[in-house]
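Input: a single structure, listed below in structure tokens.
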Protein chains: 2
Amino acid sequence: MTQSNPPFMSGVPELLLLRLLDQSEMYGYELVRSIRAATGEAISLGEGVIYPVLHSLERSGSLKSKRMAVSGRTRVYYSLTGKGRQRLGKLQDDWRRIQGGIANALEVPSHA
Amino acid sequence: MTQSNPPFMSGVPELLLLRLLDQSEMYGYELVRSIRAATGEAISLGEGVIYPVLHSLERSGSLKSKRMAVSGRTRVYYSLTGKGRQRLGKLQDDWRRIQGGIANALEVPSHA
DNA sequence: GACGATACCTCGAACAACAAGGTATGTCAA
DNA sequence: TTGACATACCTTGTTGTTCGAGGTATCGTC
């Protein structure tokens, strides 16, 4: 009976994925490297993070996928749905809110 | 065997606590409300988060505590040690890094 | 003498993020 | 041709943070 809320800082991988996919269609393996690049190496998420999030995002209707064979290998390309764009908006707002809150707490002058 | 790193976004409660305690000595119950206030209501951490973090911070030598009786009730006041100030510096840098990385990823123009 | 605020604390569950592995194909060089 | 490395997909088990809910005790006040 312990109806717990998600941790207040979670969902950043989700946010990054949605954001990148809002710019262009991509496949999982590509996204792993894109996240590293887009964040200036600050954030590096492995396949063990990316694939499950991608799947859950698709299951919840935020993403749609299409498989494509490219030079013998199969790629699964993901793109945003309307719901996904909505979700992206929400996560962006959430992020701005908590980011702002922390900035607020940090910018108060030191004890000096 | 699976020597896992801490989640890349963790340690924000720790950061907030150290930051507030760098400004002034405080006790746990007070910190719960201070965090809400300092972040402009954006972040609200319960006692179930605060106390354990406080204890682990003390165990690791970042904080020191002193108990004080104030009008019949016991308060445990925490303050930073040198090590704690060092720790605060590190966490602040980490935060700026990941915050900047995300900002970078988000500010790229929309697919439009 | 019951209620709400203060003040401390711990427990168990939930869950995100993690490393490590496993499958299979392509390329290139030894 | 075989071995190594990159591409490309995936799942599993573990960890560790965070969470709500509870539990204790004192104080004021109604």
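So that the names make sense, note that chain A is the first sequence line, chain B the second, and so on, each numbered from 1.
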For this session: Compare side-chain N and O positions of A:R67 against OP1 and OP2 of D:dC9 and report whether any pair is under 4.0 Å apart.
Result: no

Counting any heavy atom closer than 4.0 Å, what does A:R75 reach on the DNA or RNA strands: base, sugar-phosphate only, or nothing?
-> sugar-phosphate

CG (A:L18) and CD (A:Q92) are apart, to the nearest 0.5 Å, by 9.5 Å

Heavy-atom nearest nucleotide on DNA chain C taken for A:E47 and for A:G11; more 5' hit belongs to A:G11

Discussion item. Is it true that A:R36 and A:S44 share a donor-acceptor pair across their side chains at a distance under 3.5 Å?
Written reply: yes

**OP:** Would you confirm whether A:S60, through its side chain, and A:S56, through its main-chain N or O, come within 3.5 Å as a donor-acceptor pair?
**Re:** yes

Heavy-atom nearest nucleotide on DNA chain D taken for A:F8 and for A:V76; more 5' hit belongs to A:V76

Exercise for review: Look at B:K90 together with B:D94 and state whether they make a salt bridge at an N to O cut-off of under 4.0 Å.
Suggested key: yes

Rounded to whole Å, CD of B:E14 lies from P of D:dG16 at a distance of 14 Å

From CD1 of A:I43 across to C1' of C:dA16 the rounded distance in Å is 15 Å

Of the listed D:dT18, C:dA5, C:dA17, the closest approach to the A:P7 side chain comes from D:dT18

Quiz item: Does the side chain of A:Y51 get closer than 4.0 angstrom to OP1 or OP2 of D:dC10 through an N or O atom?
Solution: no

For A:N5 and D:dT18, is the shortest distance between a side-chain N/O and OP1 or OP2 below 4.0 Å? no

Between CD1 of A:I50 and P of D:dA8 the distance, given in whole Å, is 15 Å

Side-chain atoms of A:R33 come closest, of D:dT7, C:dA17, C:dC8, to D:dT7

Taking the basic N atoms (NZ, or NE/NH1/NH2) and the acidic carboxylate oxygens, is any pair closer than 4.0 Å for A:R87 and A:E14?
yes

Any base atoms under 4.0 Å from A:E30, or only sugar-phosphate, or nothing? Heavy atoms, all strands. nothing

- Compare side-chain N and O positions of A:Y27 against OP1 and OP2 of D:dC9 and report whether any pair is under 4.0 Å apart. no

Discussion item. Mind checking if A:G46 touches a base, just sugar-phosphate, or nothing, with heavy atoms under 4.0 Å?
Written reply: nothing

Rounded to whole Å, the CG-C1' distance (A:L31 to D:dT7) equals 15 Å

Tell me whether the OP1 or OP2 atom of C:dC8 has a side-chain N or O from B:Y29 closer than 4.0 Å. no

So, does A:R67 use its side chain to make a donor-acceptor pair with the main chain of A:V76 at under 3.5 Å? no

note: A:E58, atom CD; D:dC9, atom P; distance rounded to Å ~ 12 Å

Of A:R73 and A:V12, the one whose nearest nucleotide on DNA chain C sits closer to the 5' end is A:V12

Whole-Å distance, B:M68 CE to C:dC8 P, equals 12 Å

note: B:L17, atom CG; D:dT18, atom P; distance rounded to Å ~ 10 Å

Which of D:dC10, D:dT7, C:dT10 is nearest the side chain of A:H55? It is D:dC10

